[in-house]
2 protein chains.
Amino acid sequence: MWELHGSACCYNRAIGRNQCRDSGPRWMKDQRQVTRALAGNPLIPKPLRDQIVEIAQTHGYVVNQSARSLRLRKTDTIGVIIPLGHETGQLISDPFFLEMIGRLADEITRRNYAVLLHKVVVTETGWLERIIQAHRADGLLLIGQSNQHDVLNAVAQTYKPLVVWGAQLPGQTYCAVGSDNVAGGRLAVAHLVQAGRRKIAFLGATHAPEAAQRFEGYRQGLAEAGLAFDPALVVAAHYTMDEAREAIADFIATGADFDAVFAFSDVIALAAIAALTEAGRSVPRDVAVVGFDDIVLARHSAPPLTTVRQDLEFAARKMVDRLFARMAGEPAESALSPVELIVRGSSV
Amino acid sequence: MWELHGSACCYNRAIGRNQCRDSGPRWMKDQRQVTRALAGNPLIPKPLRDQIVEIAQTHGYVVNQSARSLRLRKTDTIGVIIPLGHETGQLISDPFFLEMIGRLADEITRRNYAVLLHKVVVTETGWLERIIQAHRADGLLLIGQSNQHDVLNAVAQTYKPLVVWGAQLPGQTYCAVGSDNVAGGRLAVAHLVQAGRRKIAFLGATHAPEAAQRFEGYRQGLAEAGLAFDPALVVAAHYTMDEAREAIADFIATGADFDAVFAFSDVIALAAIAALTEAGRSVPRDVAVVGFDDIVLARHSAPPLTTVRQDLEFAARKMVDRLFARMAGEPAESALSPVELIVRGSSV
DNA sequence: GTGAAAGCGCTAACAC
DNA sequence: GTGTTAGCGCTTTCAC
């Protein structure tokens, strides 16, 4: 009864106006039934549903997502935006981002949504508005707020389904999920102090939101240990290994007096270890090193890297949860993802 | 003249049947003009075109991609598929993939196409057919052929816009772009032999297509150097660092006699260095190590890693070129991407 | 050049 | 239940 029953593509028009172009599934008796059956609608009795699904399968029928999206005004797609500022290098080289993207993709896929990847140069004004209005995604995840705090605040007024990975900042109206960077910085410093270090350098950017928070944690940690903050021990390095390595090599060359390094990320911590080793300083004997992220390689470096671990599984789940809540029109607050100190050979 | 001229969304219907829902751009006089202007159609004189574009911008008008896709039967989207077999771990941890995805995204974005990311468990039959038929993308890139050679051959009969990153295999009808893995294996072994090594172990998988080719290169390299192939020097390890580290540690524990390791990837080469160091073997003095990929970290490990470099920029460009050719209905052959030996401290 | 309409494939709504 | 229709927003075609 349910096989090749005539009628086609636009079942309705086909019958009514004889305008069928033969481009659609020819086996449908009633397209509504098919729609419902494939959607698992309980209005259709289970056995019939299964039968329809099976026939659809043998005919290789899959709903056309463009048409569905147009009709339903939803795309079943989440846009994941990777902002590129001038710091382009970071994303290419930092394993942290792959893991983040991978975990987000897992969470999104689990909900039967697709992932649309945007690499965006955020220096072009209107970048976010353009993405939003193209209606290619039902919601957006932004990995890192870069220096776009104001843009995000402005957009958040009218566009709700947006969640940002990054720091929570004063006066922030958009939803952000991020690690507890300040706590992470304090943990790292407290650990180094406890290991007997007194002259602890900070290696990394200090102005980007996340970096600023880790830097703040570093300063708080020093204060709590009764150590004075010394600006001479702050080494500016951005995100790439090459840059960080050069920066720390220059720092060593100045003859600076330091016995520990707290680095903004594992990647630049590993670069620091390379530079220190090259300069004949032993890690951890001469200089202890602590990183941030706990990338896979941290455990296998020589020496293994002590680091502040970010729980990306938790973070990705949180971000996607928040996003779907917002897509459903529910409120969703910003959230902090916990961090944890992982002590390995580079610091003790 | 071109400002808020009345009529709206469905300009045609709006006028004809007075059914406008006021949901579209209200400022359009003639939607066709807008369509053409935004597409940069030279039919419209340049000054008028610019004016229209500007007005559209001030009104925040962006074409709805779902509607456009439905009408044009194209999505301006490329699907990038990351296959997950049982070797799920590889993609999460291997920086090689991030760089690959990043470079592909760059190439695709440069052509004004969007990137749709699919993480797929390839053990479910019909995974590729389902992706193809959902019509969400105009073309597909598959990163790694996994063990799906037969599926790909079958699909390639009817679906043309598909390019695979991976090995070229006998009887292959789909388009593949991949590094010259055999040459890479030979280069690595020749280098180790020249450095005086004679008992060279192979660390990695030997059955997956790319791995098999690197393994073949290893065997050819041994033969060319007049060295006998010794199955006892083949250490099975898949893609994760943990696994590789355990495998090489076990291998060392057996008391095997070897003075060099050629590893399938940089990631497992780094794991091997970690295991060797832990076991008290010096790299490169006791054991020389050569990897494959030249990930960013290879240059900064201790010791820096000698490796067979894959040119991902070239590879990504090649893949996307081939794909667009196929999307345009032109034939596009498989291609080989060159490799290069980068000698660093781990082998000399 | 300008106005009118068709129709991409789908789903929801409405009438019977 | 079943049949019919509208219409999502866009682009192209056809007629004037």
Side-chain angles (χ1 to χ4, degrees), chain A residues 1-2 5-45 48-49 52 56 59-76 133-136 138, chain B residues 1-2 5-45 48-49 52 56 59-76 133-136 138:
Chain A
M1 175 187 181
W2 258 93
H5 238 278
S7 93
C9 54
C10 321
Y11 180 74
N12 39 2
R13 293 197 193 93
I15 301 295
R17 312 196 210 153
N18 196 26
Q19 280 172 342
C20 176
R21 298 278 199 86
D22 282 358
S23 65
R26 307 190 52 76
W27 46 274
M28 292 185 192
K29 186 174 138 212
D30 179 353
Q31 183 161 356
R32 280 174 317 166
Q33 297 272 45
V34 179
T35 294
R36 291 202 187 116
L38 291 178
N41 190 322
L43 268 177
I44 315 266
L48 178 55
R49 224 157 65 207
I52 297 176
H59 287 263
Y61 174 80
V62 177
V63 294
N64 178 315
Q65 293 298 328
S66 299
R68 186 172 201 276
S69 298
L70 180 59
R71 185 73 238 282
L72 260 35
R73 307 168 136 273
K74 67 200 272 293
T75 57
D76 288 344
Q133 296 187 2
H135 286 300
R136 293 186 100 135
D138 299 335
Chain B
M1 174 187 182
W2 257 93
H5 239 279
S7 97
C9 53
C10 322
Y11 180 74
N12 39 2
R13 294 197 193 94
I15 301 296
R17 313 195 208 154
N18 197 27
Q19 279 172 343
C20 176
R21 297 278 200 86
D22 282 356
S23 65
R26 308 190 51 77
W27 47 274
M28 292 186 191
K29 186 176 137 209
D30 180 353
Q31 182 158 0
R32 279 174 317 167
Q33 298 273 44
V34 179
T35 294
R36 291 203 187 113
L38 291 178
N41 190 322
L43 268 177
I44 314 265
L48 179 54
R49 223 156 67 205
I52 297 177
H59 287 264
Y61 174 80
V62 176
V63 295
N64 179 315
Q65 292 299 327
S66 300
R68 184 170 203 277
S69 298
L70 180 59
R71 185 74 235 282
L72 259 38
R73 305 165 139 276
K74 67 200 271 294
T75 57
D76 288 344
Q133 297 188 359
H135 287 301
R136 293 187 99 136
D138 299 336

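The structure displayed is predicted, hence computed values, not measured ones. Here is how names work: the chains are called A, B, and so on, in the same order as the sequence lines, proteins then strands, and each is numbered from 1. All values below were derived from every heavy atom in this structure, side-chain atoms included, with hydrogens, water molecules and symmetry-related copies excluded.
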Within this structure, what is the [atom1]-to-[atom2] distance between [X] and [N], rounded to whole angstrom?
{"X": "A:Leu70", "N": "C:dC10", "atom1": "CG", "atom2": "P", "result": "12 Å"}
{"X": "A:Arg136", "N": "D:dC8", "atom1": "CZ", "atom2": "P", "result": "21 Å"}
{"X": "B:Asp138", "N": "C:dC8", "atom1": "CG", "atom2": "C1'", "result": "15 Å"}
{"X": "A:Asn64", "N": "D:dC10", "atom1": "CG", "atom2": "P", "result": "17 Å"}
{"X": "A:Gln65", "N": "C:dC10", "atom1": "CD", "atom2": "P", "result": "10 Å"}

**Asked** Any side-chain N or O of A:Arg68 under 4.0 Å from OP1/OP2 of C:dG9?
**Response** no
So which protein N/O to nucleotides 12-14 of chain C N/O distances come out below 3.5 Å?
unit_1	atom_1	unit_2	atom_2	d
C:dA12	O4'	A:Arg71	NH1	3.2

**Main-chain N/O of B:Arg136 paired with B:Thr75 side-chain donor or acceptor, under 3.5 Å** = yes
**Asked** To the nearest 0.5 Å, what is the distance between CG (A:Leu70) and NE2 (A:His135)?
**Response** 11.0 Å
**Inter-residue atom distance B:Arg68.CZ - A:Ser66.OG, 0.5 Å rounding** = 11.5 Å
**Request:** Name the closest nucleotide to the A:Arg73 side chain, picking from D:dC8, C:dT11, D:dC10.
**Result:** D:dC8
